[in-house]
Amino acid sequence: MACMYGDVRRIQTSGASNETGRQDGDNIRGKHASERLAATDLDRMNKYKSLIIRVARNNGMDPAVICGIISRESRAGAALKDGLGDHGNAFGLMQIDKRYHRPEGAWDSEQHLNQATGILIDFIKNIQNKFPSWSKEQQFKGGIAAYNMGPGSVHSYEEVDINTTGKDYSNDVVARAQWYKNATAQS
């Protein structure tokens with residue numbers, strides 16, 4: 001399945017920071033840490049596979065990127081309490097910030113995934129307009145960073161994650177997405 005916004009396999013990534021890499025008790029960082037975190041979430045992620053593929057197809061998005069965000073945001077639902085995270089401020093598998101968006105559907109529903117994917121796409125388009133000289137893959141990565149902290153927090157490609165949670169959000173999500181792309185043979 002082709003993604004309208006770029007090829008996640010072509011995005012350079014440093015992976016997870018030390019802070020993110022320690023989520024499961026391991027003292028690791030980088031792509032290896034992101035890959036281990038994604039692998040830990042795989043069984044839970046498979047529960048949502050058909051929804052993710054349908055939402056991805058309907059939105060021209062790579063399903064592996066949706067998986068990468070779900071893994072980072074909610075650990076495929078494991079980090080949520082009653083569908084909520086971030087001290088009750090974020091909703092669903094993809095953690096829509098309730099302070100800025102009115103959640104749609106159940107926390108693990110197709111409606112929620114469509115809404116969150118739409119928000120991601122809006123941020124990618126915003127980054128495309130803000131940085132027209134960036135390559136398609138750079139804009140894609142910038143949009144992923146914006147999904148975490150908003151497009152106003154993205155100032156340069158070299159420091160795309162400087163304002164994101166853990167200072168690694170897009171690098172970690174991209175590394176997880178690359179792992180899901182390989183592990184599940186999603187195309």
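For clarity, every value in this text was computed on a predicted model and none was experimentally measured.
- For the atom pair CD1 of Ile69 and CG of Asp172, the computed distance is 11.0 Å after rounding to the nearest 0.5 Å.
- Contact check for Met149 versus Phe123: no side-chain heavy atoms found under the 4.5 Å cut-off.
- A 4.5 Å side-chain heavy-atom check between Ile124 and Gln128 finds at least one atom pair inside the cut-off.
- Looking at Gln95, its side chain does come within 3.5 Å of a backbone N or O of Gly92 through a donor-acceptor pair.
- Side-chain atoms of Cys67 and Ile52, non-hydrogen and from C-beta on, do get closer than 4.5 Å to each other.
- Under the 4.0 Å criterion applied to side-chain N and carboxylate O atoms, Asp26 and Arg22 are not assigned as salt-bridge partners.
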Could you give me the CA-CA distance, side-chain angles and deciding distance for Ser153 and Thr164, then say whether side chain to side chain contact (heavy atoms under 4.5 Å, CB included) is met?
CA-CA 8 Å; Ser153 295; Thr164 64; over 6 Å; no
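- Between Glu35 and Asn182, the closest side-chain pair of non-hydrogen atoms is not below 4.5 Å.
- Between Asp24 and Arg75 there is a salt bridge, since at least one side-chain N of the basic residue sits less than 4.0 Å from a carboxylate O of the acidic one.
- Between the CZ atom of Arg72 and the OG1 atom of Thr20 there is a distance of 4.0 Å, given to the nearest 0.5 Å.
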Val154 and Asp161: CA distance, side-chain angles, deciding distance, side chain to side chain contact (heavy atoms under 4.5 Å, CB included) verdict
CA-CA 8 Å; Val154 178; Asp161 279 330; over 6 Å; no
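- More than 12 non-hydrogen atoms from other residues, nucleotides or ligands lie less than 6.0 angstrom from NZ of Lys130.
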Output side-chain donor-acceptor pairs under 3.5 Å for residues 82-91, partner residues at least two apart or in another chain, one line each.
{"from": "Asn89", "atom 1": "ND2", "to": "Asp86", "atom 2": "O", "distance (Å)": "3.3"}

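- For Ile162 against Lys167, the heavy-atom pair with the smallest separation is O-NZ, 3.1 Å.
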Hey, mind stepping through Val55 and Asn58 against side chain to side chain contact (heavy atoms under 4.5 Å, CB included) and telling me if it holds?
CA-CA 5 Å; Val55 167; Asn58 291 341; 5.9 Å; no
Name each donor-acceptor pair under 3.5 Å that joins a side chain in residues 137-147 to protein atoms two or more places apart or in another chain, with its distance.
{"from": "Glu137", "atom 1": "OE2", "to": "Asp7", "atom 2": "N", "distance (Å)": "2.9"}
{"from": "Gln138", "atom 1": "OE1", "to": "Ser135", "atom 2": "N", "distance (Å)": "2.9"}
{"from": "Gln139", "atom 1": "NE2", "to": "Phe131", "atom 2": "O", "distance (Å)": "3.0"}
{"from": "Gln139", "atom 1": "NE2", "to": "Trp134", "atom 2": "O", "distance (Å)": "3.4"}
{"from": "Lys141", "atom 1": "NZ", "to": "Gln12", "atom 2": "O", "distance (Å)": "2.8"}
{"from": "Lys141", "atom 1": "NZ", "to": "Asn171", "atom 2": "OD1", "distance (Å)": "2.8"}
{"from": "Tyr147", "atom 1": "OH", "to": "Met94", "atom 2": "O", "distance (Å)": "2.7"}

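- With Ile66 as the fixed residue, the side-chain contact (heavy atoms from CB on, under 4.5 Å) test singles out one of Ile53, Leu51, Leu120, Thr117: Thr117.
- Here the closest heavy-atom approach between residue Leu80 and residue Leu93 is recorded as CD1-N, 4.2 Å.
- Formation of a donor-acceptor pair under 3.5 Å by the Ser109 side chain with backbone atoms of Ala106 is found in this model.
- Taking CD1 from Ile121 and CE from Met4, the interatomic distance works out to 7.0 Å, rounded to the nearest 0.5 Å.
- Between Lys31 and Gln178 the shortest side-chain heavy-atom distance falls below 4.5 Å.
- Residues Ser17 and Arg29 have side chains that never bring a donor and an acceptor to within less than 3.5 angstrom of each other.
- Closest heavy-atom contact between Tyr180 and Ala38: OH-O, 2.9 Å.
- Salt bridge Glu110/Arg54: present, at least one basic N to carboxylate O contact under 4.0 Å.
- Using a 4.5 Å heavy-atom threshold, the side chains of Lys98 and Pro103 count as touching.
- Atom CG of Asn18 sits about 10.0 Å away from atom CD1 of Ile28, to the nearest 0.5 Å.
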Show your working on side chain to side chain contact (heavy atoms under 4.5 Å, CB included) between Val173 and Thr13 and close with a plain yes or no.
CA-CA 9 Å; Val173 166; Thr13 179; over 6 Å; no
Derivation and outcome, side chain to side chain donor-acceptor pair (under 3.5 Å), residues Thr165 and Asn148
CA-CA 7 Å; Thr165 305; Asn148 177 249; 3.3 Å; yes
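- Looking at heavy atoms from C-beta onward, Ile96 lies out of side-chain contact with Trp107 at the 4.5 angstrom threshold.
- By the 6.0 Å contact criterion, CZ on Arg99 is enclosed, its count of non-hydrogen atoms from other residues, nucleotides or ligands being greater than 12.
- Checked for salt-bridge contact, Asp41 and Arg44 meet the test: a charged N lies under 4.0 Å from a carboxylate O.
- Between atom CG of residue Leu113 and atom CE of residue Met61 there is a gap of 12.5 Å, rounded to the nearest 0.5 Å.
- Rounding to the nearest 0.5 angstrom, the gap separating the NZ atom in Lys181 from the CG atom in Asp62 is 3.5 Å.
- His155 places no side-chain N or O within 3.5 Å of a backbone atom of Val160 that could act as its donor or acceptor partner.
- Linking Ile, Leu, Val, Met, Phe, Trp and Tyr whenever their side-chain heavy atoms come within less than 4.5 Å leaves Leu37 and Leu42 in two separate clusters.
- No donor-acceptor distance shorter than 3.5 angstrom exists from the side chain of Lys136 to the backbone of Gly6, with no hydrogens or angles considered.
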For the pair Ser34 and Arg176, evaluate side chain to side chain donor-acceptor pair (under 3.5 Å) and give the outcome as yes or no after the intermediate values.
CA-CA 5 Å; Ser34 297; Arg176 292 183 199 216; 5.0 Å; no
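- Scanning both residues, Gln115 and Arg102, for their nearest heavy atoms gives NE2-O, 2.8 Å.
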